[in-house]
Amino acid sequence: MTDSALVYEGAVWNVRRDTVAYGDGMVREYIDHTGAVAVYAEDDEGRVLVIQQYRHPVHLRDWELPAGLLDKPGEDHLVAAQRELAEEADVQAETWEPLVHYNTSSGGSNEFIEIFRARGVTATSSAFEREAEEADIVVRWVPRAEVLEGIFAGRIHNSALIVAALAVDALERG
């Protein structure tokens, strides 16, 4: 990279313009993202915890995994995932393991999401006070088979939910 400039500073993430010494040189603009975590939480019956909340860029109340930005410098990813699960679904988990880590859109963003698999889920001792788009979150426990069916029928659009459900299904199949 021969140059990097902040083109736009936003409330959540920024846009950068990089000049890269590749071939004859090229300029690329992209979303400079803090990164994120998501939680694939499952209960003893094999059901997946999904939440529904409004997502303005796609104009949908989309079904997704509890997730959040890594917006605290140096925050441990597991700690962030545990916080997001409690904040968005009022549950905690006994067992945690890394599931997948992937880039959401390599041509337009440097965002990586780390997804954790959480088991031994129980309710937290108190409910989290939600605001803004999180104020009307809907929480559901859905059998994994129904999540997979929703993916292949085109009813589920959230990439973290799709990647995590397919990864768990592949792991369980051996």
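Side chains included, hydrogens not; waters and symmetry mates left out as well; all remaining heavy atoms used.
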Starting at [atom1] of [X], measure out to [atom2] of [Y] and round the result to the nearest 0.5 Å.
| X | Y | atom1 | atom2 | value |
| --- | --- | --- | --- | --- |
| Asp76 | Gln82 | CG | CD | 8.0 Å |
| Glu45 | Arg144 | CD | CZ | 13.0 Å |
| Glu84 | Leu65 | CD | CG | 12.0 Å |
| Leu148 | Leu166 | CG | CG | 6.0 Å |
| Ile156 | Glu64 | CD1 | CD | 11.5 Å |

Donor-acceptor check, side chain of Asp18 to backbone of Val20, threshold 3.5 angstrom: yes or no?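 Flag not set: sc Asp18 to bb Val20 has no pair under 3.5 Å.
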
Please check: side-chain N/O of Thr2 versus main-chain N/O of Thr19, any donor-acceptor pairing under 3.5 Å?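 Yes; judged by distance alone, with no hydrogens or angles, the pair exists.
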
Those residues that, when tested against [X], pass side chain to side chain donor-acceptor pair (under 3.5 Å) (two or more places apart):
| X | result |
| --- | --- |
| Asp169 | Arg173 |
| Asp32 | Asn110 |
| Ser159 | Tyr102 |

Which pairs with one or both residues in residues 153-164 pass salt bridge (Lys or Arg N to Asp or Glu O under 4.0 Å), sequence neighbours excluded?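 For residues 153-164, and leaving out neighbouring residues, the salt bridge (Lys or Arg N to Asp or Glu O under 4.0 Å) pairs sorted by first residue read Glu149-Arg155.
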
Is [Y] close to [X] at the side-chain level, that is, under 4.5 Å between some pair of heavy atoms?
| X | Y | value |
| --- | --- | --- |
| Ile113 | Thr104 | yes |
| Val147 | Trp63 | no |
| Arg140 | Gln52 | no |
| Tyr40 | Val48 | yes |
| Val39 | Ile115 | no |

Other cluster members, Val27 - Ile/Leu/Val/Met/Phe/Trp/Tyr, side-chain contacts below 4.5 Å: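 Taking Ile, Leu, Val, Met, Phe, Trp and Tyr as members, Val27 stands alone, with no cluster partners.
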
Single-linkage hydrophobic cluster, 4.5 Å side-chain cutoff, Leu6 and Trp13 together: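 No: no chain of side-chain contacts under 4.5 Å links Leu6 to Trp13.
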
By side-chain contact (heavy atoms from CB on, under 4.5 Å) - contacts of Thr122 (at least two apart):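 Applying side-chain contact (heavy atoms from CB on, under 4.5 Å) to Thr122 gives Gln92.
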
Partner set under side-chain contact (heavy atoms from CB on, under 4.5 Å) for Val58, not counting sequence neighbours: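 Counting only residues at least two positions away or on another chain, Val58 forms a side-chain contact (heavy atoms from CB on, under 4.5 Å) with Arg55, Leu60.
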
Do Glu114 and His101 pair up side chain to side chain, a donor and an acceptor below 3.5 Å, judged on atom types alone?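 The answer is no; no qualifying pair exists.
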
Which residues share a salt bridge (Lys or Arg N to Asp or Glu O under 4.0 Å) with [X], sequence neighbours left out:
| X | value |
| --- | --- |
| Glu146 | none |
| Asp43 | Arg47 |
| Arg17 | Glu29 |
| Glu9 | none |

What pairs of donor and acceptor atoms, side-chain ones from residues 93-100 against any protein atom, are under 3.5 angstrom apart with sequence neighbours left out?
unit_1: Trp96; atom_1: NE1; unit_2: Ala93; atom_2: O; d: 3.1
unit_1: Glu97; atom_1: OE2; unit_2: Arg119; atom_2: NH2; d: 2.2

